[in-house]
There are 2 protein chains.
Amino acid sequence: MTTALIDAPQRTIRIASVPATVRAASPVAPLRTQCSACHLKDLCLPCGLSGEEMQRLDSLMFGRRKVAAGQTLYREGDRFQFIYAVRSGTFKSSLTLADGREQVSGFHMAGELMGLDGVANGHHASSATALEDTEVCAIPYAHLTELAASSSNLQHVVSRLMSREIVREHSLMMLLGSMNAEERLAAFLLNLSQRMKARGYSSSEFHLRMSRAEIGSYLGMKLETVSRTFSAFHQQGLLEVDKRHVRIVDIEGLQRAFESRVH
Amino acid sequence: MTTALIDAPQRTIRIASVPATVRAASPVAPLRTQCSACHLKDLCLPCGLSGEEMQRLDSLMFGRRKVAAGQTLYREGDRFQFIYAVRSGTFKSSLTLADGREQVSGFHMAGELMGLDGVANGHHASSATALEDTEVCAIPYAHLTELAASSSNLQHVVSRLMSREIVREHSLMMLLGSMNAEERLAAFLLNLSQRMKARGYSSSEFHLRMSRAEIGSYLGMKLETVSRTFSAFHQQGLLEVDKRHVRIVDIEGLQRAFESRVH
DNA sequence: CGCAAGCTTGATCGCGCTCAATTAGGGTGG
DNA sequence: CCACCCTAATTGAGCGCGATCAAGCTTGCG
């Protein structure tokens with residue numbers, strides 16, 4: 001996939017139109033969702049939309065789909081038809097390197113969208129794997145853009161979500177380009193903490209859904225270093241760690257570890 | 001800016017509408033551009049559009065703007081109104097760290113777009129600095145989305161450009177997360193080589209517009225390491241280097257250095 | 001009970017960072 | 001014109017962070 005890095009960033013674009021019947025052929029459970037009735041509506045796609053616009057979204061009747069722990073929702077190279085909103089559980093996004101190792105590019109929790117990287121050329125650029133039993137809404141991208149054509153607000157929302165993804169990756173690049181192991185892990189934990197808080201969970205105590213190896217891949221370090229850094233934070237009195245259970249004891253201290261280099 | 005990393009990735013969105021008179025107030029030179037007459041039209045924004053759609057783009061009459069070497073086109077935090085297409089010259093995008101150091105997040109050549117990260121929240125998330133004397137088209141984003149509302153193809157083009165940016169950054173994350181110094185510099189040079197070729201220049205011999213420090217910042221290594229790696233490639237018979245002038249002697253060898261780890 | 005997977009911890013090594021000296025090129029002013 | 005300064009780049013020496021290799025522990029599952 002890193003071939004994208006040595007491709008010219010802009011080449012001839014061919015507009016693929018997805019047939020309107022595509023939804024019927026997809027492996028989506030019969031259950032359908034209305035955004036207006038969803039408990040995640042303030043976090044997820046419809047966030048910021050007016051009542052009228054949300055009703056239009058409702059008309060799309062997104063199909064739900066369950067993905068068991070360890071299963072993939074889509075793989076890199078798969079034809080791009082849907083973007084997915086996480087309803088429950090946690091996913092990782094990853095790319096596969098030539099030698100078979102994986103590079104984790106993100107973690108996704110309830111209310112977050114996945115798959116926007118597929119818009120670029122009609123195929124998913126990464127794989128999405130469930131880290132626990134999960135449920136998603138499958139949003140047919142072609143229908144979404146149809147709808148967006150008649151609602152500039154919805155169009156803005158989709159654009160902003162994509163732009164936000166760009167900004168998020170900027171931040172991660174900065175992390176990978178200029179931070180040491182402690183700063184990286186502190187940034188990761190603080191980010192997780194905020195996202196837990198936004199979802200109504202404790203911001204100071206939570207269960208990690210991902211392995212040390214997955215954290216390490218995401219942060220650009222080896223699993224042993226992740227483990228050692230957890231231990232170091234414990235010895236500094238910042239954390240209590242038991243396997244995947246984490247309690248943040250001194251959040252200001254953790255922020256200091258993070259801000260030691262980056263604002 | 002890395003605060004984005006510890007922000008919940010989705011929060012309440014407010015739709016800002018840009019007044020239609022905004023263009024008149026902007027610091028754009030009176031010269032106006034029509035995409036259909038531009039020599040870059042196959043690389044740039046209108047790439048893939050039909051004649052009719054290109055005429056609609058023409059109606060926006062993008063203003064041109066010259067930016068002298070070392071000057072910024074926009075800075076992080078600036079109000080987002082325009083995206084910019086490079087007409088000539090080279091830019092770097094960068095973020096500023098708390099300690100004043102900069103982190104380069106990209107280089108942009110003729111035909112490439114800049115500023116899409118500003119869509120996320122109405123402010124530019126990065127700064128754009130000219131590495132030589134340059135000229136850009138200033139594309140009023142609000143007008144572009146207006147136009148896109150009536151042309152699904154144009155909407156797709158804009159979405160794809162944003163998605164492509166996401167994919168590009170995925171690749172860079174992979175580079176920063178899992179490659180060593182030689183692999184990073186090889187990837188960088190091969191990418192540059194392809195982009196030069198796409199613009200009709202020699203793919204094997206070109207002038208670097210950026211300093212060793214800027215390359216290093218972009219690739220997550222120190223300028224001394226960049227310099228040493230250039231020397232190493234020279235000793236391996238892959239390159240001839242004289243300051244910023246580079247000639248690729250053995251492109252297959254360079255690809256091997258790149259593919260040693262990543263496909 | 002045995003086996004495998006995930007995590008921790010220790011010991012050692014090496015890549016890339018840091019500090020430092022040198023050279024070359026460009027701009028400026030006397 | 002040269003003296004001077006400033007910046008960019010190269011190269012060397014030494015060190016430290018994080019990778020690598022390895023051992024041991026816990027937990028879960030057949």
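Throughout, a chain's letter reflects where its sequence line sits, starting with A, and its residues are numbered from 1.
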Rounded to the nearest angstrom, tell me the gap between atom CG in B:Asn180 and atom C1' in C:dG14.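 Those two atoms, CG and C1', are 12 Å apart.
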Rounded to whole Å, please give me the gap between NZ in A:Lys222 and P in C:dT8.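 Rounding to the nearest Å, NZ of A:Lys222 and P of C:dT8 are 17 Å apart.
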Nucleotide of [options] approaching [X] most closely (side-chain heavy atoms):
X: B:Ser227; options: D:dT20, D:dT10, C:dG16; answer: D:dT10
X: B:Ser231; options: D:dT10, D:dA19, C:dC7; answer: D:dT10
X: A:Thr225; options: C:dT9, D:dA19, C:dC7; answer: D:dA19
X: B:Arg244; options: D:dA19, C:dT9, D:dA9; answer: D:dA9

Check: B:Tyr201 ring centroid to B:Phe206 ring centroid under 6.0 Å: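 B:Tyr201 vs B:Phe206: aromatic centres not under 6.0 Å.
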Between A:Glu182 and A:Arg228, is there a side-chain N and carboxylate O pair less than 4.0 Å apart?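 Between A:Arg228 and A:Glu182 there is no salt bridge, as every charged N stays at least 4.0 Å from the carboxylate O atoms.
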Side-chain touch A:Phe258/A:Leu189, heavy atoms, less than 4.5 angstrom: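 Answer no - side chains too far apart.
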Looking at the base of D:dG18, is there any donor atom on it, or on the side chain of A:Arg184, that sits under 3.5 Å from an acceptor on the other one?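 Such a pair does not exist between side chain and base.
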If you take atom types as modelled and just measure distance, does the side chain of A:Arg228 reach the base of D:dT20 with a donor-acceptor pair under 3.5 Å?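 It does, because a donor-acceptor pair links the side chain of A:Arg228 to the base of D:dT20 below 3.5 Å.
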In terms of the angle between their ring planes, are A:His245 and A:His207 parallel, tilted or perpendicular, with boundaries placed at 30° and 60°?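 Plane angle between 30° and 60°, so tilted.
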